[in-house]
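What follows is a single structure, written as structure tokens, with notes after it.
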Amino acid sequence: MQDKYTPADIERAAQQHWDQTGAARAVEDATKPKYYCLSMFPYPSGKLHMGHVRNYTIGDVLSRFHKMQGYNVLQPMGWDAFGMPAENAALANNVPPAAWTYQNIDYMRTQLKSLGFAIDWEREFATCTPEYYRWEQWLFTRLYEKGLVYKKLGTVNWDPVDHTVLANEQVIDGRGWRSGALIEKREIPMYYMKITAYAEELLSELDNLPGWPDQVRLMQKNWIGKSTGVRFAFPLADEFAKTPDEKLWVFTTRADTIMGVTFVAVAAEHPLATRAAVDNPELANFIEECKKGGVAEADIATMEKKGMPTGIYVSHPLTGEQVEVWVGNYVLMSYGDGAVMAVPAHDERDFAFALKYNLPIRQVVAVDGETSFSHESWAEWYADKQRGVLVNSGKYDGLGYEAAVDAIAADLAAKDLGDKKVQFRLRDWGISRQRYWGCPIPIIHCKSCGDVPVPDAQLPVVLPENVEITGAGSPLVKMPEFYECKCPKCGADARRETDTMDTFFESSWYFLRYACPDNTTAMVDERVAYWCKGGIDQYIGGIEHAILHLLYSRFFTKLMRDVGLIGDLGEPFANLLTQGMVVAPTFYRDLVGGKKQWINPADVDVVTDERGRPTGATLKADGLPVVIGGTEKMSKSKNNGVDPQALIDQYGADTARLFIMFASPPDQSLEWSDAGVEGAY
RNA sequence: GCCCCGAUGGCGUAAUCGGUAGACGCAGCGGAUUCAAAAUCCGCCGCCGAAAGGUGUGCCAGUUCGAGUCUGGCUCGGGGCACCA
């Protein structure tokens with residue numbers, strides 16, 4: 001018996017024993033119930049952070065518990081290895097993204113092993129290897145042939161100085177993060193996945209997920225955003241119409257207010273806007289101005305609402321009244337028809353817009369007990385569709401919301417100018433990225449044959465790994481040895497697509513590949529049915545993935561079922577645990593110029609009073625006071641990260657794991673406390 | 001701006017159905033043990049107050065015999081908003 005607990009020796013011995021006996025190896029065994037415990041795989045950013053340690057500790061506890069209960073447990077691990085940070089690191093350190101990524105994977109694997117997780121390392125893979133991404137290319141070509149992948153124009157952030165497309169993250173206050181140039185919206189051809197074809201199933205299946213947090217199901221439901229409304233048309237007045245029966249289509253969930261329409265607003269990219277701008281320089285300028293700034297919805301939704309009349313008039317479909325078409329910077333071309341009817345009296349945004357531009361406001365809904373409709377200030381009840389009853393609406397007067405929508409939809413249908421329509425907020429998934437470090441899109445552009453998918457025999461399209469990153473555009477565009485090729489159909493000189501896929505593509509099916517990572521002849525095989533039948537038993541990861549990653553993964557499972565790759569597994573993740581963040585106190589000093597210098601908690605001594613309450617803090621280096629800030633998510637910007645490696649080195653993996661599990665319930669945020677670690681030791 | 005979540009001691013939290021707020025743990029304080037320390041054990045530990053007592057679950061209202069819990073309205077913090085992963 002040793003006097004002192006020496007975690008390094010004891011843990012190393014235990015880990016070696018587990019390794020040699022293959023304790024964590026998972027083998028299909030039909031005689032035992034299976035338990036597939038999956039943690040979201042890490043992006044190999046350099047080293048593990050505390051969030052990883054927490055995530056994988058929770059998974060490991062569940063895995064070991066079920067193993068002891070007699071389950072056949074699979075706990076795999078891999079690397080979500082494509083992505084932007086590798087290109088940024090390449091630029092900063094002059095290392096190719098591939099080399100940087102593989103280095104990080106090696107280091108982080110060592111760290112994970114030192115934590116002693118019961119992971120089946122024989123199933124490990126990285127998504128940036130041709131052995132993995134070849135199957136995405138193969139699937140892409142199948143889906144392209146079925147029309148589930150198609151090409152259309154999409155809007156991107158264009159940096160006019162660096163001549164490059166930027167991610168939303170790289171646009172700061174409307175400017176490129178490197179060049180500082182004002183960003184413009186630009187439309188380019190992109191490939192899209194037809195996720196909207198699965199909108200109904202993705203929505204209804206949410207009811208079959210009792211093992212998911214209600215919060216996540218609700219977020220997905222709202223994201224898909226099914227609404228029943230009316231899609232209808234405003235015929236163009238003869239002098240403005242290009243063709244005799246040209247119409248402007250809009251969608252609304254408030255068809256009951258149609259008699260209160262006083263103008264129509266279209267997106268800056270709408271064809272009518274373009275047409276009106278031809279001989280109207282002022283409008284053309286405004287449309288140009290609308291193109292300034294990035295494409296992120298949060299930015300568009302918070303900017304000042306602006307508009308300009310086009311001089312084009314359309315006819316109200318029920319009254320025939322002439323209504324002017326405006327261009328509005330708040331109308332999104334990507335939602336519905338890129339045009340909306342405006343009813344200032346009963347929509348808050350339209351109300352503000354009408355006030356600003358002095359447009360008529362016509363009340364057509366009244367609420368019992370609310371007598372004073374003001375044309376100067378908005379009140380919540382103006383938009384109340386539960387209590388509202390139509391007024392000033394001719395034959396529709398006195399009807400409530402539902403009856404009014406029914407009557408109006410029927411009248412529009414009778415005139416062949418519209419009907420009820422189910423509309424989804426969900427848009428098709430644009431997967432083209434004008435970046436290097438990703439899976440090449442397997443398409444060949446031929447002058448005579450058009451877009452031709454790369455034939456199976458020529459797959460994979462391998463991404464060249466020894467490249468130089470310049471920060472302005474993908475190196476693939478400058479590599480004839482990559483893009484020059486022959487058309488697979490006619491044999492003529494052709495050009496290979498240089499865009500790569502969205503990295504969400506990799507993470508949308510990796511959990512299936514863990515069942516059969518060694519298969520070199522097929523994307524998936526029958527072992528998927530064994531491990532994934534009834535869904536992966538437990539999925540653990542950050543709440544930040546509540547919508548996109550989980551929705552795309554659900555979509556892929558249904559896609560791959562319909563392509564005949566897997567049977568009907570149902571939903572991919574039977575039980576979902578969304579772990580909370582790891583937070584830590586922050587410390588700073590005010591610098592001249594209003595900036596703050598953030599100081600890592602490890603470099604600070606906190607002084608407490610006799611009750612243990614903090615009264616102040618000093619910097620270890622100089623003993624002078626620092627300001628105690630709030631408690632925030634561990635991040636580089638606030639410099640409050642605690643390196644798990646230092647913790648493991650000092651206290652051992654078991655202490656780290658014990659503290660992290662004990663300190664807080666897994667789905668809530670965890671406050672870091674060095675003192676708490678000491679207590680777990 | 002829109003969708004979702006949260007707020008209870010110095011800290012992490014608990015209170016299953018609307019019924020004693022603060023279980024359990026960390027930190028802190030006091031004591032025992034020890035030559036001394038570590039470890040261990042015992043006790044104290046929301047705030048104000050000498051005590052009696054008062055007060056207290058982000059804020060403002062409401063429902064109720066009774067609200068941390070239910071309703072309405074806010075404030076602050078966090079996650080997401082489709083090219084960060």
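Lettering follows sequence order; numbering is per chain, from 1.
By the 6.0 Å and 45° rule, K152(A) stacks over the aromatic ring of Y192(A).
Checking rC5(B), rG79(B), rC83(B) against every side-chain atom of E544(A), the shortest atom distance belongs to rG79(B). Distances were taken from every side-chain heavy atom of L218(A) (C-beta onward) to each of rA82(B), rA85(B), rC5(B); the shortest belongs to rC5(B). Checking rA85(B), rG1(B), rA82(B) against every side-chain atom of T302(A), the shortest atom distance belongs to rG1(B). When the nucleotides rC83(B), rG1(B), rA85(B) are ranked by their closest atom to the side chain of T503(A), rA85(B) comes out on top.
For F125(A), the ring-ring contact (aromatic ring centres under 6.0 Å, His included) partners are Y132(A), Y514(A), not counting sequence neighbours. Applying the ring-ring contact (aromatic ring centres under 6.0 Å, His included) criterion to F353(A), with sequence neighbours excluded, gives F263(A), W326(A), Y330(A), Y357(A). Applying the ring-ring contact (aromatic ring centres under 6.0 Å, His included) test to F505(A) and every residue at least two apart in sequence or in another chain returns F556(A). Partners of R217(A) under the side-chain hydrogen bond (donor to acceptor under 3.5 Å, both in side chains) rule, at least two apart in sequence or in another chain, are D214(A). With sequence neighbours left out, K306(A) forms a salt bridge (charged side-chain N to carboxylate O under 4.0 Å, His left out) with E289(A). With sequence neighbours excluded, the residues that form a ring-ring contact (aromatic ring centres under 6.0 Å, His included) with F573(A) are F511(A), Y539(A). Contacts of A81(A) classified as side chain to side chain contact (heavy atoms under 4.5 Å, CB included), with partners at least two apart in sequence or in another chain: P44(A), W79(A), T101(A), I105(A), A126(A), T127(A), C128(A).
Note on R217(A): nothing from the nucleic acid sits closer than 4.0 angstrom, heavy atoms only.
Between N222(A) and rC4(B) there is a side-chain N or O to OP1 or OP2 distance below 4.0 Å. OP1 or OP2 of rA82(B) has not a single side-chain nitrogen or oxygen of R427(A) nearer than 4.0 Å.
Between the side chains of W177(A) and D159(A), no donor N or O sits under 3.5 Å from an acceptor N or O.
Atom CE of M219(A) is separated from atom P of rC81(B) by 11 Å (rounded to the nearest Å). One can place CG of L576(A) at 14 Å from C1' of rC5(B), the figure rounded to the nearest angstrom.
A heavy atom lying under 4.0 Å from RNA chain B marks the following residues of residues 162-175 of chain A, by number: V165(A), L166(A), A167(A), N168(A), E169(A). The stretch residues 548-557 of chain A comes close to RNA chain B through L548(A), each having a heavy atom under 4.0 Å from the strand.
Note on residues 173-193 of chain A: no pairs pass salt bridge (charged side-chain N to carboxylate O under 4.0 Å, His left out), not counting sequence neighbours.
Taking 90° from 0 as the syn/anti boundary, the base of rG54(B) is oriented anti. Taking the O4'-C1'-N9-C4 or O4'-C1'-N1-C2 dihedral as appropriate, rC42(B) has a value more than 90° from 0 and is therefore anti.
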Would you be so kind as to tabulate the donor-acceptor pairs closer than 3.5 Å made by side chains of residues 162-171 of chain A, with sequence neighbours excluded?
unit_1	atom_1	unit_2	atom_2	d
T164(A)	OG1	G473(A)	N	3.3
N168(A)	OD1	N157(A)	ND2	2.9
Q170(A)	OE1	A167(A)	N	2.7

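Stem list for RNA chain B (at least 3 consecutive Watson-Crick or G-U pairs, distances under 3.5 Å): B:1-7 with B:75-81, B:10-12 with B:24-26, B:28-32 with B:40-44, B:46-48 with B:53-55, B:58-62 with B:70-74.
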